[in-house]
**Student:** 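Can you keep this structure in mind? I'll have questions shortly.
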Amino acid sequence: MAFPRSITLYLLVSFVLFSSLLHRPTFAIKKSYVVYLGAHSHGPQVSSIDLDQVTESHYEFLASFLGRDEAKDAIFYSYTRHINGFAATLEDEEAAQIAKHPKVISVFLNMGRKLHTTRSWEFLGLEDNGVIHSSSIWKKARFGEDTIIANLDTVSVHSPFIDVIKPGVWPESKSFSDEEMGPIPSKWKGICQNEADPGFHCNRKLIGARYFNKGYAAAAGPLSPSLNSPRDKEGHGSHTLSTAGGNFVAGANVFGYGKGTAKGGSPKARVAAYKVCWPPVARNECFDADILAAFDFVIHDGVDVLSVSLGGDHVPFFNDSLAIGSFHAVKHGIVVVNSAGNSGPNDGTVLNLAPWQITVGASTMDRQFPSYVVLGNKMRFKGESISSKALLKNKFFPIISAADAKTSNSSAGDALLCKAGTLDPKKAKGKIMVCLRGDNARIDKGQQAALAGAVGMVLANDEFYWNEITADPHVLPASQINSTDGVAIFAYINSTRFPKAYITHPTTELATKPAPFMAAFSSKGPNTITPEILKPDITAPGLSVIAAYTEAQGPTNENFDERRVLFNLVSGTSMSCPHVSGIVGLLKTLYPKWSPAAIKSAIMTTATTQDNINEPITNTSYKKATPFDYGAGHVQPNRAIDPGLVYDTTVNDYLNFLCALGYNETQIILFSEHNHTCPKPIFSLVNFNYPSITVPKLNCSITVTRTVKNVGSPGTYSARVQNPTGVAITVKPERLKFEKVGEEKTFKVTMKVEEAAAKKARDYYVFGQLTWSDGKHNVRSPIVVKAI
Ligand SMILES: *[C@@H]1O[C@H](CO)[C@@H](O)[C@H](O)[C@H]1NC(C)=O
Ligand SMILES: *[C@@H]1O[C@H](CO)[C@@H](O)[C@H](O)[C@H]1NC(C)=O
Ligand SMILES: *[C@@H]1O[C@H](CO)[C@@H](O)[C@H](O)[C@H]1NC(C)=O
Ligand SMILES: *[C@@H]1O[C@H](CO)[C@@H](O)[C@H](O)[C@H]1NC(C)=O
Ligand SMILES: *[C@@H]1O[C@H](CO)[C@@H](O)[C@H](O)[C@H]1NC(C)=O
Ligand SMILES: *[C@@H]1O[C@H](CO)[C@@H](O)[C@H](O)[C@H]1NC(C)=O
Ligand SMILES: *[C@@H]1O[C@H](CO)[C@@H](O)[C@H](O)[C@H]1NC(C)=O
Ligand SMILES: *[C@@H]1O[C@H](CO)[C@@H](O)[C@H](O)[C@H]1NC(C)=O
């Protein structure tokens with residue numbers, strides 16, 4: 001039992017609190033909280049009687065603070081399987097008292113998390129510091145604005161078993177067809193929770209689905225009973241799940257674009273959906289209490305890989321349901337992959353910062369949907385879109401700046417952005433309108449232009465977005481162009497009395513160059529909680545990804561959009577995350593015994609920092625991207641299957657990591673269910689055996705250690721170093737000889753500030769790399785340093 005009762009303690013505490021209860025002001029406001037108690041000591045073969053006892057112990061524990069009846073009313077989740085704790089509605093004062101109890105690791109508010117669909121929520125002004133504007137299409141939420149490709153199409157492995165925590169799924173999608181799938185693996189213990197939605201079926205592909213909404217209800221009010229289903233009514237869950245593990249679907253396309261066979265990274269994997277996200281309340285939609293409940297079942301059900309395209313705020317690990325849930329999952333051998341967030345390109349925006357998570361940024365792929373803007377002076381500009389409508393071929397239309405179509409009651413600036421209510425149909429009718437990107441959603445600009453009677457739209461990036469072009473399913477013929485081209489088109493409009501243009505129907509173009517480059521929206525390092533751990537870890541395709549969609553909504557998720565698509569093109573780190581999940585699924589098939597850390601290491605050390613013209617990967621302003629953009633680099637699945645060496649870590653290492661963060665042994669025992677002795681002297685975070693090396697405060701010099709394990713053929717590896725500017729690096733020993741698989745070798749990396757060039761290293765982080773090479777494998781780690 002997790003909670004051996006202590007009668008004396010119980011009486012004492014309840015007496016003390018009972019007397020304070022009597023004076024509890026009746027108007028006190030209750031909020032929903034998670035009370036996190038660590039791990040359970042019961043083994044996996046736990047009986048349902050034991051589980052009931054755990055729940056009983058939670059009631060009893062809370063009763064010692066509130067009284068018996070109140071405790072029963074207050075608890076809405078009891079986490080009984082792997083994660084120990086409960087969720088309850090409490091007053092602030094009660095939560096504070098409970099937090100002081102020695103058995104409690106943390107008490108935190110049941111807060112909302114965001115889906116990482118697109119950066120547009122943050123950047124395009126759908127909400128402003130959590131406030132939803134009345135004009136916002138937020139209610140229908142995320143815009144499936146961008147196009148997307150499930151890209152690991154060279155991989156045709158029969159893969160294991162990959163399961164995904166995601167906000168629901170559209171089970172009728174062909175991506176979840178179980179054609180040619182064998183029987184459900186016997187280790188599967190999940191269910192298809194469809195009692196309130198009998199039309200929702202699982203099968204041998206989609207082998208399980210559950211939903212969790214009590215935490216949502218406690219924080220945001222009750223949900224319509226029609227939502228008691230794992231069904232995905234908004235598209236995000238189907239898209240991400242099918243990207244990770246969707247079956248082959250020939251002839252997939254969005255309005256004819258991107259035609260091909262859709263498939264997930266692990267196309268033969270089984271999938272399961274855990275729906276934790278519900279219609280948005282303010283900016284959030286997925287609540288901590290539900291997320292933890294889902295994790296508890298994910299571990300119980302027998303999932304191998306968990307793809308979590310969600311993120312919250314920069315809170316300490318023990319206040320972070322995603323960090324806590326991931327820790328428990330990883331402890332049980334489940335690989336957890338998370339999105340980095342869509343709040344870039346500013347520094348320190350990356351989320352999902354724990355070393356046991358795989359955190360994925362987003363970059364482009366080599367596919368575009370070009371649609372040319374041709375001006376009356378014959379100039380041609382290459383933009384992109386996947387509009388379902390086309391203009392008459394080669395017929396010119398008048399082209400105007402949207403600012404010139406402004407209504408008398410609006411500003412030119414708002415009209416230029418094509419905001420609702422700013423465009424005058426008398427001026428817009430029959431014309432191609434040039435709208436500026438920013439503030440309102442891209443899709444919305446097209447809708448406003450169409451409502452005003454425009455026949456087409458040129459969407460011009462501003463300098464912030466520069467060259468980040470997303471192919472959106474606009475409702476009218478449209479093309480999105482880069483900022484330099486935008487300036488040229490505005491200049492043309494100014495230069496002539498009768499400016500005219502046409503927009504070509506988009507086509508699908510493959511092998512575009514350069515690719516990849518980083519998306520501006522992809523959240524960036526450094527890690528604001530533990531700067532010694534580089535985040536993100538890796539980047540993967542997250543722009544214009546095509547995957548399965550819901551048929552409950554149109555591809556833009558807007559009310560006005562009555563189109564329905566089986567597949568949609570979407571952008572975000574939500575889309576890059578399941579690419580890595582799919583790849584992890586393949587590695588799990590190949591190496592079922594590898595730890596989550598070994599799999600992560602394989603993915604990181606084989607990544608590339610070069611694009612398809614062999615130049616360093618850039619960001620959207622054509623500057624060299626850094627490990628704060630892409631971590632170890634762009635994922636290369638074909639290399640990840642043969643990494644040569646791995647930087648492995650055990651649960652024990654994670655516990656030492658927690659020791660280094662300042663948690664004491666008493667707390668760590670609760671967290672881990674085993675005794676743990678923190679190393680003395682306390683181990684330094686820079687020595688955590690991570691596949692990247694970060695020293696955030698280098699004072700003169702430092703030596704860090706790492707250990708590599710051979711997972712390839714016997715061989716001798718030599719170290720090759722690329723020094724960060726102003727820092728000299730030496731590695732000892734310089735050669736590592738491995739005679740057998742599983743052999744481990746430790747080495748030391750000494751970094752020394754070189755005074756002559758130290759200024760750069762003091763001004764900002766500098767970047768280098770260490771590569772161990774045996775001639776066949778290149779085991780590369782980014783090095784990130786800031787000198788003081
Ligand atoms: C953790 O959450 C609790 C409850 O919301 C809050 O009081 C506490 O300040 C948080 N801790 C930190 C370190 O943010
Ligand atoms: C903008 O797009 C055009 C294609 O129309 C391309 O030739 C040009 O290099 C791009 N410029 C920048 C600065 O991205
Ligand atoms: C301008 O007036 C029209 C008609 O009254 C209204 O629909 C529109 O919302 C107004 N626009 C702004 C920006 O206030
Ligand atoms: C075009 O003319 C408008 C109004 O006269 C001006 O604000 C804008 O800067 C001009 N744009 C360019 C690119 O010359
Ligand atoms: C690209 O990188 C440069 C140099 O690091 C930086 O100044 C710029 O802000 C970055 N742009 C984006 C969109 O990330
Ligand atoms: C461990 O930390 C908790 C919480 O800060 C504290 O109550 C406890 O006394 C500490 N235990 C030890 C052995 O230091
Ligand atoms: C932890 O160690 C103590 C003292 O050695 C022992 O009494 C206790 O049973 C151990 N607990 C677990 C969970 O192993
Ligand atoms: C850097 O190291 C020197 C020598 O050990 C020490 O005197 C100094 O206080 C350190 N500086 C900082 C900022 O820690």
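Each ligand, and each atom within it, is numbered from 1 in the order the structure gives.
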**Student:** Do S523 side-chain atoms and G341 backbone N/O form a donor-acceptor pair below 3.5 Å?
**Tutor:**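 Judged by distance alone, yes, a pair lies under 3.5 Å.
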**Student:** Is there a donor-acceptor pair under 3.5 Å between the side chain of S387 and the backbone N or O of K389?
**Tutor:**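 No.
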**Student:** Hey, is atom 5 (O) of ligand 8 touched by any protein heavy atom at less than 4.0 Å?
**Tutor:**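 Answer no: nothing from the protein, no heavy atom, is under 4.0 Å.
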**Student:** Which heavy atom of the protein is the closest neighbour of atom 9 (O) of ligand 3, given with residue, atom name and distance?
**Tutor:**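 Ranked first by proximity to atom 9 (O) of ligand 3 is G421 CA, 4.0 Å.
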**Student:** Is any N or O atom of N409, backbone or side chain, closer than 3.5 Å to an N or O atom of ligand 3?
**Tutor:**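 Yes: some nitrogen or oxygen of N409 is under 3.5 Å from one in ligand 3.
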**Student:** Would you mind checking which non-hydrogen protein atom is closest to atom 11 (N) of ligand 8, with the distance to 0.1 Å?
**Tutor:**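 For atom 11 (N) of ligand 8, the nearest protein heavy atom comes out as N699 ND2, 2.9 Å.
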**Student:** So V766 and V727, do their side chains get closer than 4.5 Å, heavy atoms only?
**Tutor:**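 Result yes, sub-4.5 Å side-chain heavy-atom pair found.
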**Student:** Mind listing the closest non-hydrogen atom pair of M433 and A428 along with its distance?
**Tutor:**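 Minimum heavy-atom contact is CE-CB, 3.6 Å.
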**Student:** Does the N or O separation between S621 and ligand 5 drop below 3.5 Å for any pair?
**Tutor:**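 N/O-N/O distance under 3.5 Å: yes.
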**Student:** Please indicate, with yes or no, if any protein heavy atom is found under 4.0 Å from atom 14 (O) of ligand 5?
**Tutor:**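 Within 4.0 Å of atom 14 (O) of ligand 5, protein heavy atoms are found.
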**Student:** Tell me whether R639 contacts the main-chain N or O of T606 through its side chain, where contact means a donor paired with an acceptor under 3.5 Å.
**Tutor:**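 Not a single qualifying donor-acceptor pair exists.
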**Student:** Report, in ascending order of atom number, the atoms of ligand 8 lying under 4.0 Å from any heavy atom of I788.
**Tutor:**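 Once the distances to I788 are compared, the set is 12 (C), 13 (C).
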**Student:** Please tell me whether F628 and Y765 form a close aromatic pair, meaning their ring centres lie under 6.0 Å apart.
**Tutor:**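 Yes; Y765 has its ring centre under 6.0 Å from that of F628.
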**Student:** Could you name the option among N619, T620, T626 that has the heavy atom nearest to atom 2 (O) of ligand 5?
**Tutor:**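 The residue whose heavy atom sits nearest atom 2 (O) of ligand 5 is N619.
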